[in-house]
There are 2 protein chains.
Amino acid sequence: MSARESSLDTVQRELTAFARRARAAAARMHPELSLVAYTILAHLEEQQGCRATDLAAYYLLDKSTVSRQVASLEQLGFIERRVDEADHRVQVLHLAPGGIEILTAARARRQESIQVRLAAWDPEDLERFARYLVRYNADAAVHP
Amino acid sequence: MSARESSLDTVQRELTAFARRARAAAARMHPELSLVAYTILAHLEEQQGCRATDLAAYYLLDKSTVSRQVASLEQLGFIERRVDEADHRVQVLHLAPGGIEILTAARARRQESIQVRLAAWDPEDLERFARYLVRYNADAAVHP
DNA sequence: ACGTTGTGTTGTAGAGTGCAACAATATCAG
DNA sequence: CTGATATTGTTGCACTCTACAACACAACGT
C-alpha cells in the first residue's frame, strides 16, 4: 500500500469512527438539543434567512425530515417561520430569541469539551487541522 | 476572539457538519450496509476476537443496541459468534466469509469516493490530516 | 453457598428518517 | 389568459436506530 493510500485509508477510518460517536457525544453534551437540531440552529445563525429546502440539500436530508425538525423547533420557540413575500411557497427561517439562548448554551458546552480535548495542541497544529477540515468538507460538497 | 478560539470554533463547526452528513453519505455509498454495521465489521477486521461489550464502550452505544446489531449481522452471515471457553458469558465476534466479502466491497466504494474527493491534496497535507484525525480521536477517547 | 458483578437478550417506547401522495404557489408555453 | 409543469412544503406510513429497564445466565468474592 502506498503512503498516499495509507493516508487515505486512515482519513476514512478516523472520520468514520468520529461520525459514529458524534451523535451520542452530542446527546451527552446537550441532551435538550439533538445533533440535527443543534446543526440547524447553528446554520440559521450563520446564514440568516434560510429556506427548508436549503437545509435539506446541505445536510442530505429528505425535505419531509427537515419539515418535521423545523416544525418541532418552531413549537419549542427556537425558530420563527416567515412567509416570503416574493414567493408565497417559501418560508424563511430565522432564529427566535429562545433559539439564540439555547444555541449559545449548547455551543458553550461543546466548546468547553473541545477545549479540554485539544488543550495540548500547538496553535499551528490547531489552525492547520481547522483548515484541513474546512477544505475536506468543501471537497465533500463538490464530490458528494 | 483569539486565534486559538477561532480555530477551535472552526474545528467544532466542521466536525459537526461532517458528522451530520456521514450517515446519509454512507447510505448512498453502500445501501446494503448501514454506517453502524460497516463500522462494526471494520472494527472486527482490525481487532479479531472482539466482545460486544467492547463495541458498546468504544462506540458509546447501549449494549442492547449492539446486541441487536450483532444478531442482525450474524443472521445475514456477516459475522460469527463463538462462546469464549474461558468465560461462558462472553461471545467472541469474528468476521464470517460473507462479512469479509461485503466489507471489502463497501470499503472499496468508500475509498473510491474519498480518493476522488481528495485527489487534489498534496501527499504531505494528506498525511498531516490523517495524523491530526488520529490524534483528535485519541484525545476524544481520553476526554469523552 | 450466597450475594455481587459482568455479559448479553428481550420488551417497550420514542426519535429520526425516507418514500409516496398531496396541497399550494409559481413559472412557462401556447 | 389558460393549462401544463416545476417548486416548496406537509402529512401518512413504515422502518431503523436507539436507550432504558427488567431479566437470565455465568463468574467471582466472601
Side-chain angles (χ1 to χ4, degrees), chain A residues 16 19-41 44 49-76 78-94, chain B residues 16 19-41 44 49-76 78-94:
Chain A
T16 303
R20 188 52 214 80
R21 291 200 239 195
R23 187 172 301 238
R28 240 177 329 103
M29 264 182 284
H30 39 77
E32 74 286 358
L33 216 55
S34 78
L35 182 58
V36 194
Y38 173 83
T39 307
I40 289 179
L41 291 186
L44 286 185
C50 192
R51 301 177 307 156
T53 300
D54 299 336
L55 289 175
Y58 190 74
Y59 293 108
L60 303 179
L61 291 167
D62 193 78
K63 54 187 179 173
S64 65
T65 300
V66 173
S67 172
R68 281 181 251 265
Q69 291 282 344
V70 164
S72 163
L73 288 172
E74 188 198 27
Q75 198 159 21
L76 289 166
F78 295 165
I79 68 176
E80 287 171 10
R81 296 195 263 197
R82 305 176 193 158
V83 172
D84 186 352
E85 283 309 312
D87 185 339
H88 283 210
R89 296 170 303 182
V90 173
Q91 298 176 353
V92 185
L93 307 174
H94 293 268
Chain B
T16 303
R20 187 52 216 82
R21 290 199 240 194
R23 188 172 301 241
R28 242 179 328 102
M29 262 182 283
H30 39 77
E32 74 287 358
L33 218 52
S34 78
L35 183 57
V36 195
Y38 174 82
T39 308
I40 289 180
L41 291 187
L44 286 185
C50 192
R51 300 178 308 157
T53 301
D54 299 337
L55 290 174
Y58 189 76
Y59 293 108
L60 302 179
L61 290 168
D62 192 78
K63 54 185 177 171
S64 65
T65 302
V66 173
S67 173
R68 280 182 247 264
Q69 291 283 343
V70 164
S72 164
L73 287 173
E74 188 198 26
Q75 196 160 23
L76 288 166
F78 295 166
I79 68 176
E80 287 172 11
R81 297 196 261 197
R82 306 176 193 160
V83 173
D84 186 353
E85 282 311 310
D87 185 340
H88 282 211
R89 296 171 302 182
V90 174
Q91 299 178 353
V92 185
L93 307 175
H94 292 268

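What's counted below: heavy atoms across the whole structure, side chains too, no hydrogens, waters or symmetry copies. Each chain gets a letter, A, B and so on, in the order its sequence line appears, and its residues count up from 1.
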Novice: Rounded to the Å, how far apart are A:Leu61 CG and D:dG9 C1'?
Specialist: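 Those two atoms, CG and C1', are 15 Å apart.
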Novice: Could you tell me how far apart A:Gln75 (CD) and D:dT10 (P) are, to the nearest whole angstrom?
Specialist: 13 Å
Novice: So which atom in A:Ser34 and which in A:His30 form the shortest heavy-atom distance, rounded to 0.1 Å?
Specialist: O-CE1, 4.5 Å
Novice: Let me know the distance between CG of B:Leu76 and C1' of D:dT16, rounded to the nearest Å.
Specialist: 14 Å
Novice: May I have the distance from B:Ile40 (atom CD1) to D:dT16 (atom P), rounded to whole angstrom?
Specialist: 16 Å
Novice: Which heavy atom of A:Leu33 sits nearest a heavy atom of A:Phe78, and at what distance?
Specialist: CD1-CE1, 3.9 Å
Novice: Test your reading of the model: is there a side-chain donor-acceptor pair from A:Ser67 to the backbone of A:Lys63, 3.5 Å cut-off?
Specialist: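 No.
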Novice: Starting from C1' on D:dA27, measure out to CD on B:Glu85 and report it in whole angstrom.
Specialist: 15 Å
Novice: Would you name the heavy atoms of B:Val66 and B:Ala52 that are closest together and state the gap between them?
Specialist: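 Minimum heavy-atom contact is CG1-O, 3.6 Å.
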Novice: Would you mind reading off the distance between A:Tyr59 atom OH and C:dT17 atom C1', rounded to a whole angstrom?
Specialist: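 That distance rounds to 17 Å.
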Novice: To the nearest Å, give me how far apart NE2 (A:His88) and P (C:dT27) are.
Specialist: 11 Å
Novice: Does any N or O in the side chain of A:Thr39 come within less than 3.5 Å of the main-chain N or O of A:Leu35, such that one atom is a donor and the other an acceptor?
Specialist: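 Yes: the side chain of A:Thr39 pairs with the backbone of A:Leu35.
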Novice: How bent is the helix from C:dA1-D:dT30 to C:dG30-D:dC1, measuring the angle between the end axes built from five pairs each, rounded to 10°?
Specialist: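 What I find for the helix from C:dA1-D:dT30 to C:dG30-D:dC1 is an axis angle of 20°.
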Novice: Are OP1 or OP2 of D:dT18 and a side-chain N or O of B:Gln69 less than 4.0 angstrom apart?
Specialist: yes
Novice: Could you walk me through whether B:Leu61 and B:Leu55 pass side-chain contact (heavy atoms from CB on, under 4.5 Å), step by step?
Specialist: CA-CA 8 Å; B:Leu61 290 168; B:Leu55 290 174; over 6 Å; no
Novice: Please tabulate the protein-to-nucleotide N/O contacts below 3.5 Å involving nucleotides 7-11 of chain C, giving atom names and distances.
Specialist:
| residue | atom | partner | partner atom | Å |
| --- | --- | --- | --- | --- |
| C:dT7 | OP1 | B:Arg51 | NH1 | 2.5 |
| C:dG8 | OP1 | B:Gln91 | N | 3.1 |
| C:dG8 | OP2 | B:Thr53 | N | 2.9 |
| C:dG8 | OP2 | B:Thr53 | OG1 | 2.4 |
| C:dG8 | N7 | B:Lys63 | NZ | 3.3 |
| C:dG8 | O6 | B:Lys63 | NZ | 2.7 |
| C:dT9 | OP1 | B:Arg81 | NH1 | 2.5 |
| C:dT9 | OP2 | B:Ser67 | OG | 2.5 |
| C:dT9 | O5' | B:Ser67 | OG | 3.3 |
| C:dG11 | O6 | B:Arg68 | NH2 | 2.4 |

Novice: How close do A:Arg81 and A:Leu93 get, heavy atom to heavy atom, and via which atoms?
Specialist: CG-CD2, 3.6 Å
Novice: Could you pull out the closest heavy-atom pair between B:Cys50 and B:Asp54, with the gap in Å?
Specialist: SG-CB, 3.9 Å
Novice: What pairs with A:Asp87 under salt bridge (Lys or Arg N to Asp or Glu O under 4.0 Å), at least two apart in sequence or on another chain?
Specialist: A:Arg89
